[in-house]
Amino acid sequence: MTALTTRAARHVGFSSACRAVWISGAARTMLSSMASRTPRISARWSLILQMGAFALLMAVLVWPQVQRYFMKEAAEQNRVTARLVGDGLRSALDRYAPLPHLIAARPELVELLRSPDDRDLAAGVNAILLNTAISVTASDVYLMDTAGLTIAASSYRKERSFVGRNFSYRPYFTQGLSGGLGQYFALGTTSGERGYFYAAPVRDGPRIIGVIAVKFTVDAFEARWREASSDIMVTDRAGVVFMASRPEWRLRASVPLTPARRAEIEQNRQYPLDRLTPLSVDRKIGPGGTKLAVIEGAEYLLASSTTSRPAGWTVTSLKRAAPARMQAAVLFAILALLGVLMIVAARFLRQRAAQRERAQKLLERRVEERTAALSHEIAERRRTEETLRRTQAGLVQAGKLSALGQMSAALSHEFNQPLQAVKAYAENAQTFLDRGETGEVRDNIGRISRMADRMAAISKHLRNFARRPGEAIGPISLVSVIDDALAVSAPKVKASGVQLDYSRPEGAPWVMGGHVRLQQVLVNLVSNGIDAAGVQGRLHIAALPAAGGWQVTVRDTGPGLPPGAAEQMFDPFFTTKPMGQGLGLGLSISYNIVRDFGGTLWGANHPDGGAIFGVDLVAADAPERYVSAREAAE
Ligand code: ADP
């Protein structure tokens with residue numbers, strides 16, 4: 001079935017199916033263009049219309065083709081069956097044709113015909129005929145005289161013996177008597193069996209003195225046909241069914257009998273006329289010009305006939321049309337299914353493509369929107385950063401001014417003292433000048449000059465500290481920054497009475513940062529340490545190598561960090577100092593400065609008491625030529 005289906009699909013189905021699918025595709029395009037013009041046609045309706053168009057095209061174009069193919073295929077098989085059966089029947093019967101001639105040549109037959117009343121001779125011939133019938137599997141072999149009277153027969157022992165019966169009415173007898181080979185098909189009037197008769201003349205010299213007939217029954221053929229897939233029907237010239245695979249068709253008239261034929265049958269007693277009831281055979285033309293027959297109103301049968309000459313029989317093979325139709329229906333269903341699948345797949349792919357396109361557009365739009373939002377955000381961020389930087393710079397400056405403010409008391413003392421000394425030395429110098437003691441005058445002026453140098457040094461540090469620091473970060477000398485920070489802090493240290501010790505690092509370490517800014521951080525830490533340590537307190541400053549860089553620590557002997565300060569001390573404006581003494585900006589500004597250098601500022605309570613603050617800095621290579629911040633500023 002599968003192979004057949006594939007072949008059929010190749011030969012007929014597919015071209016039509018493809019055409020149908022193509023036309024359906026065209027219809028689809030038409031429908032979809034209609035749909036685009038009339039947007040109210042929903043997707044579901046368009047699918048229903050497409051399917052409808054496809055179904056119509058399949059029914060009109062494909063179904064007839066598929067059906068025609070399978071019917072023709074089955075009809076061809078049936079035709080072959082009819083031919084084979086016809087050939088088989090003819091060759092089987094032809095084999096028997098020479099038999100009557102051979103039997104007629106036996107001398108006993110002539111002897112009996114010469115002396116028909118010789119009982120012994122008749123018994124001998126009867127036995128011969130019986131043996132012959134058995135050996136050639138004939139149903140009857142019998143000898144008739146020229147009047148058609150049977151004088152010896154193989155059935156001599158049977159109840160319905162042919163002996164004594166006259167068959168002069170049978171055409172085979174007359175044919176035999178006239179010297180030819182008699183051939184005839186009839187229902188035996190004595191046996192009631194259908195049989196095929198052969199007859200040949202029995203000659204006594206040139207004279208025909210009798211006729212020998214051989215009868216074969218046809219049941220064995222029919223028994224074989226019943227096993228075949230097709231039904232077989234053999235009709236004579238008049239259309240009477242004398243052999244059939246189905247018993248109910250036998251000896252029935254497949255066409256109405258003409259009066260002449262009826263008279264002939266009656267005369268030859270070929271068939272009993274009362275049994276020749278009509279057999280309703282409705283002939284039709286099926287798909288592909290195939291011949292169909294409906295017998296007795298039953299199902300459709302494919303009918304193929306061959307006529308065998310000279311007997312004039314028609315052998316008809318009748319094959320059920322339903323299986324061929326079923327095969328056609330199955331292939332049609334497969335093609336229809338394929339078509340539907342193709343339509344559905346095409347729709348699916350189209351929908352997916354449309355969806356993808358929509359998604360793509362949506363994505364593009366979102367990307368555009370997001371890009372616009374991002375560029376807006378970036379601009380906003382830049383502005384914020386700029387503001388932040390400005391604010392931070394301002395805060396740094398404010399922090400420094402604050403530190404200056406705090407230090408102003410110590411500074412005024414620091415300046416006041418040398419100024420008073422300068423005044424005293426100047427007055428002394430005048431007095432010594434009046435006295436003419438020039439040596440003393442020079443000595444006092446020298447002291448005045450040293451005092452002025454000291455004040456100039458302090459002023460220079462303060463000026464540097466108050467400057468707005470540059471943004472640049474690069475290698476700076478750690479030792480020199482610490483020195484400068486200590487110089488700035490010196491007045492406050494002195495005023496506070498705090499004892500400061502400094503462990504100067506080995507070598508000349510270089511770190512990444514900005515000179516003035518780091519100095520500001522250290523000044524701030526020293527200042528906080530002094531505030532915390534109080535009078536009699538101690539401050540220890542150290543610079544040691546640490547992982548990847550250097551660590552500067554400022555440790556005091558104060559009370560340590562106030563409760564809760566550890567979490568907030570780097571926040572701007574966090575201070576625990578009394579009003580007017582602390583702004584709470586020192587550590588937050590320092591924290592950001594150190595972070596800008598890639599380092600870290602931290603603070604904690606020391607296990608031995610007091611607080612310790614540390615600045616971790618990244619190590620740097622020494623530049624080829626070092627220009628200190630102070631030099632650069634000058
Ligand atoms: P300010 O010195 O103006 O208060 P800072 O930001 O420098 O601002 O310090 C914030 C706070 O951190 C101080 O008010 C103090 O509570 C705490 N702090 C800073 N340094 C020390 C220290 N060495 N010992 C104890 N507390 C400290």
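All values below come from the heavy atoms of this structure, side chains included, with hydrogens, waters and symmetry mates left out. All ligand and atom numbering here is 1-based and tracks the order in the structure.
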Any Phe613 heavy atom less than 4.0 Å from ligand 1: yes
Which of the atoms in ligand 1, numbered in the order shown and given with their element, are less than 4.0 Å from a heavy-atom of Asn528? 2 (O), 5 (P), 7 (O), 9 (O), 19 (C), 20 (N), 23 (N)
Just verifying a value: how many Å separate Leu518 CG and Ser477 OG, rounded to the nearest 0.5 Å? 10.5 Å
Rounded to the nearest 0.5 Å, what separates atom CG in Leu500 from atom CG in Leu486? 6.0 Å
Any atoms of ligand 1 less than 4.0 Å from a non-hydrogen atom of Phe574? List them with their elements. 10 (C), 11 (C)
Between Asp556 and His540, is any side-chain donor less than 3.5 angstrom from a side-chain acceptor? no
In ligand 1, the atoms that come under 4.0 Å of a heavy atom of Asp556 are 22 (C), 23 (N), 24 (N)
Distance under 4.0 Å to a non-hydrogen atom of Leu587: what atoms of ligand 1 satisfy this? 5 (P), 6 (O), 7 (O), 9 (O), 12 (O), 19 (C)
Does a donor on one side chain and an acceptor on the other come within less than 3.5 Å for Trp510 and Asp621? no
With a 4.0 Å cut-off on heavy atoms, does Pro562 reach ligand 1? yes
Going by the atom numbers of ligand 1, which of them fall below 4.0 Å from some non-hydrogen atom of Ala611? 22 (C), 23 (N), 24 (N)
Distance only, no hydrogens: is a donor on one side chain within 3.5 Å (strictly under) of an acceptor on the other, for Ser590 and Arg517? no
Please collect all salt bridge (charged side-chain N to carboxylate O under 4.0 Å, His left out) contacts where either partner lies in residues 532-551, sequence neighbours excluded, each pair once. Asp501-Arg538
At under 4.0 Å between heavy atoms, which part of Thr576 makes contact with ligand 1: side chain, backbone, both or neither? both
Distance filter under 4.0 Å to Thr575 heavy atoms, resulting ligand 1 atoms: 1 (P), 4 (O), 14 (O)
What about Ser588: any of its N or O atoms under 3.5 Å from an N or O on ligand 1? no
Once rounded to the nearest 0.5 Å, what's the spacing between atom CZ of Arg450 and atom OH of Tyr425? 8.0 Å
With respect to atom 12 (O) of ligand 1, which of His606, Met569, Gln568 exhibits the smallest heavy-atom separation? Met569
Below 4.0 Å from any atom of ligand 1, is there a heavy atom belonging to Gly560? yes
Mind checking whether Ala565 contacts ligand 1 via backbone (N, CA, C, O), side chain (CB onward), both or neither, at a 4.0 Å heavy-atom cut-off? neither
Between ligand 1 and Leu561, is the shortest N or O to N or O distance under 3.5 Å? no
side-chain hydrogen bond (donor to acceptor under 3.5 Å, both in side chains) partners of Glu364, counting only residues at least two apart: Gln360
Give a yes-or-no answer on whether the side chains of Lys72 and Thr290 include a donor-acceptor pair shorter than 3.5 Å. no
With Asn444, the side-chain contact (heavy atoms from CB on, under 4.5 Å) member among Val422, Leu433, Asn428: Asn428
Only heavy atoms of Ala532, strictly under 4.0 Å: list the atoms of ligand 1 that pass. 22 (C), 23 (N), 24 (N)
